[in-house]
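These notes concern the structure reproduced below.
Below, all heavy atoms of this structure are taken into account, side chains as well, without hydrogens, waters or symmetry copies. Chain letters run A, B, ... following the sequence lines, proteins first and then strands; every chain starts at 1.
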2 protein chains.
Amino acid sequence: MKVSTLGHALLGLLSAQPMTGYDLTAAFDQSLANVWSARHSQIYPELAKLVGAGLIEQTEAGPRGSKRYAATAAGEAEVRHWLQGRAPGDALRSERLLRVFFLWMLRPADAAAYLRAEAVRHREQVARYESVGNEIPVERHPADRWGRIALEAGIRYENTMAEWALWAADEIEGGGPVPVT
Amino acid sequence: MKVSTLGHALLGLLSAQPMTGYDLTAAFDQSLANVWSARHSQIYPELAKLVGAGLIEQTEAGPRGSKRYAATAAGEAEVRHWLQGRAPGDALRSERLLRVFFLWMLRPADAAAYLRAEAVRHREQVARYESVGNEIPVERHPADRWGRIALEAGIRYENTMAEWALWAADEIEGGGPVPVT
DNA sequence: ATCTTACATGTCGAATTTGACATGTCAAGA
DNA sequence: TCTTGACATGTCAAATTCGACATGTAAGAT
């Protein structure tokens, strides 16, 4: 039984705490949004699949026809196995970075403007992350601590990209014709 | 006529220089690999689609049944339009970062070991990038200069992640039980 | 009482992406 | 001459992802 990345993400979330599909969707929109995304239309079928595989189970039926799931022992084992296996998808996918390869097609001033706007967006993201950081409860579950650690990665990433974008903008505007030594 | 991200990437590459599907596949395996990936099985059909849309055209038929394509004026205009439109897919997708959210499921020592191994992988990537940097010709096409700029983003990114991973490993191993105030 | 919003789950078709299968050419070295 | 590896293009089924459509409940405000 092979489990997709989405499956592993759901399994991981449900190992920390039992949740409904709605809660999981919210988790993908909030904390996980910046590393992996999924819509509810993908989440619900995946939950059914995981139940079928015996990796999660429904633990409770709530108010609005809601169903709460938790990872089974087999499910938790699967996550641990995934965590320790060699990273297969170590590839990063980012349309924003892809665009940089083609900025040479714009006039230098436009490209520089684009990069400075990117820097602003990255800084804004840092601000959002920092406000999220202030909302994380003071360590109730180990997952919270790891949430902070992942957040730190996000903050460092955004700051690095913001600095890079400003550097690149200067490089392009100031650079002028290439010094061919 | 809507063009996918892959389509825009192909259009951008073919605006810099006419290439065959094989060349494009190589470009996705090399320079673009770290921001967007595509297999030849996706590239060839997409080329046919772009030809149909009048965004690229075959300019030459080579030795082994090879077909060289170049972007048309409409194709170049499409790339410029894409570059200037508001970033839709500003979401980053990384299975490696996703895993971090679930490292709490491992024993602290194992999680720290995982992070230190990550740091090593990031450093190795920096080394690879730097050796690629030495192979870029000295500015023959503006795209080369942008290649360097994109490379710089990659180098800064990997260095940041390597530093973060080491910091996180220390944080976990040193941190001990949570100070509950 | 009605309205709005958040909660909650699902399906379906289309687009995207992957991996396997399939085929053939050309150049260089053994 | 033969074999290997790089060059070169394609198809197909399956998996993944997305966006739209569809439906219904519970709580709180007006």
Fill in the blank from the handout: To the nearest angstrom, the CD-P distance between B/Gln58 and D/dT9 comes to 9 Å
Practice task
Determine the contact category for A/Thr5: base if any of its heavy atoms lies under 4.0 Å from a base atom, sugar-phosphate if only primed atoms, P, OP1 or OP2 are that close, otherwise nothing.
Solution key: nothing
Handout entry: Phosphate OP1/OP2 of C/dT16: any B/Lys49 side-chain N/O under 4.0 Å
Key = yes
Problem - Nearest listed nucleotide, side chain of B/His40, among C/dA8, C/dT17, D/dG10 - result: D/dG10
Problem - A/Thr5-B/Glu95 side chain donor-acceptor pair, cut-off 3.5 Å - result: yes
Handout entry: Upstream residue (5' side of DNA chain D) when A/Ser41 and A/Pro63 are each assigned their closest nucleotide
Key = A/Ser41
Exercise for the section: Cation-pi check, A/Arg156 to B/Trp167: give yes when NZ or CZ is under 6.0 Å from the six-membered ring centre and within 45° of the ring axis, no otherwise. Expected result: yes
Practice task
Starting from C1' on D/dT16, measure out to CG on B/Leu98 and report it in whole angstrom.
Solution key: 15 Å
Problem - Phosphate OP1/OP2 of D/dG19: any A/Arg39 side-chain N/O under 4.0 Å - result: yes
Practice task
To the nearest Å, give me how far apart CZ (A/Phe28) and P (C/dA8) are.
Solution key: 17 Å
Problem - Any B/Tyr44 side-chain N or O less than 4.0 Å from OP1/OP2 of D/dG10 - result: no
Handout entry: Between C/dA15 (C1') and B/Lys2 (NZ): distance, integer Å
Key = 7 Å
Completion exercise
Separation of D/dC7 atom C1' from B/Ile43 atom CD1, nearest Å, is 15 Å
Practice task
Can you tell me the distance, in whole Å, between the CD atom of B/Gln42 and the C1' atom of D/dA14?
Solution key: 14 Å
Problem - Six-ring centre of B/Trp104, A/Arg145 cation under 6.0 angstrom, axis tolerance 45° - result: no
Handout entry: Distance, rounded to the nearest Å, where B/Asp23 contributes CG and D/dC7 contributes P
Key = 9 Å
Handout entry: Polar contact flag, side-chain donor to acceptor under 3.5 angstrom, A/Arg128-A/Gln125
Key = yes
Exercise for the section: Using a heavy-atom cut-off of under 4.0 Å over every strand shown, decide if B/Thr20 touches base, sugar-phosphate, or nothing. Expected result: sugar-phosphate
Completion exercise
Here the gap from A/Asn34 atom CG to B/Leu98 atom CG, rounded to the nearest 0.5 Å, amounts to 12.0 Å
Problem - Under-4.0 Å side-chain N/O to phosphate OP1/OP2 contact, B/Arg93 with D/dT17 - result: yes
Problem - Separation of C/dA15 P from B/Glu46 CD (nearest whole Å) - result: 12 Å
Problem - Whichever of B/Thr25 and A/Gly65 has its nearest DNA chain D nucleotide further upstream toward 5' - result: B/Thr25
Exercise for the section: Mind running side chain to side chain contact (heavy atoms under 4.5 Å, CB included) on A/Tyr69 and A/Thr59 for me, showing each step along the way? Expected result: CA-CA 5 Å; A/Tyr69 298 95; A/Thr59 57; over 6 Å; no
Handout entry: Per B/Arg64 side chain, nearest of listed nucleotides C/dA8, D/dA8, D/dC18
Key = D/dA8
Handout entry: Residue-phosphate contact under 4.0 Å: B/Tyr22 side-chain N/O, D/dC7 OP1/OP2
Key = yes
Exercise for the section: Map A/Lys67 and B/Ser4 onto DNA chain C by nearest heavy atom, then report which one ends up closer to the 5' terminus. Expected result: A/Lys67
Practice task
Determine the contact category for B/Arg68: base if any of its heavy atoms lies under 4.0 Å from a base atom, sugar-phosphate if only primed atoms, P, OP1 or OP2 are that close, otherwise nothing.
Solution key: nothing
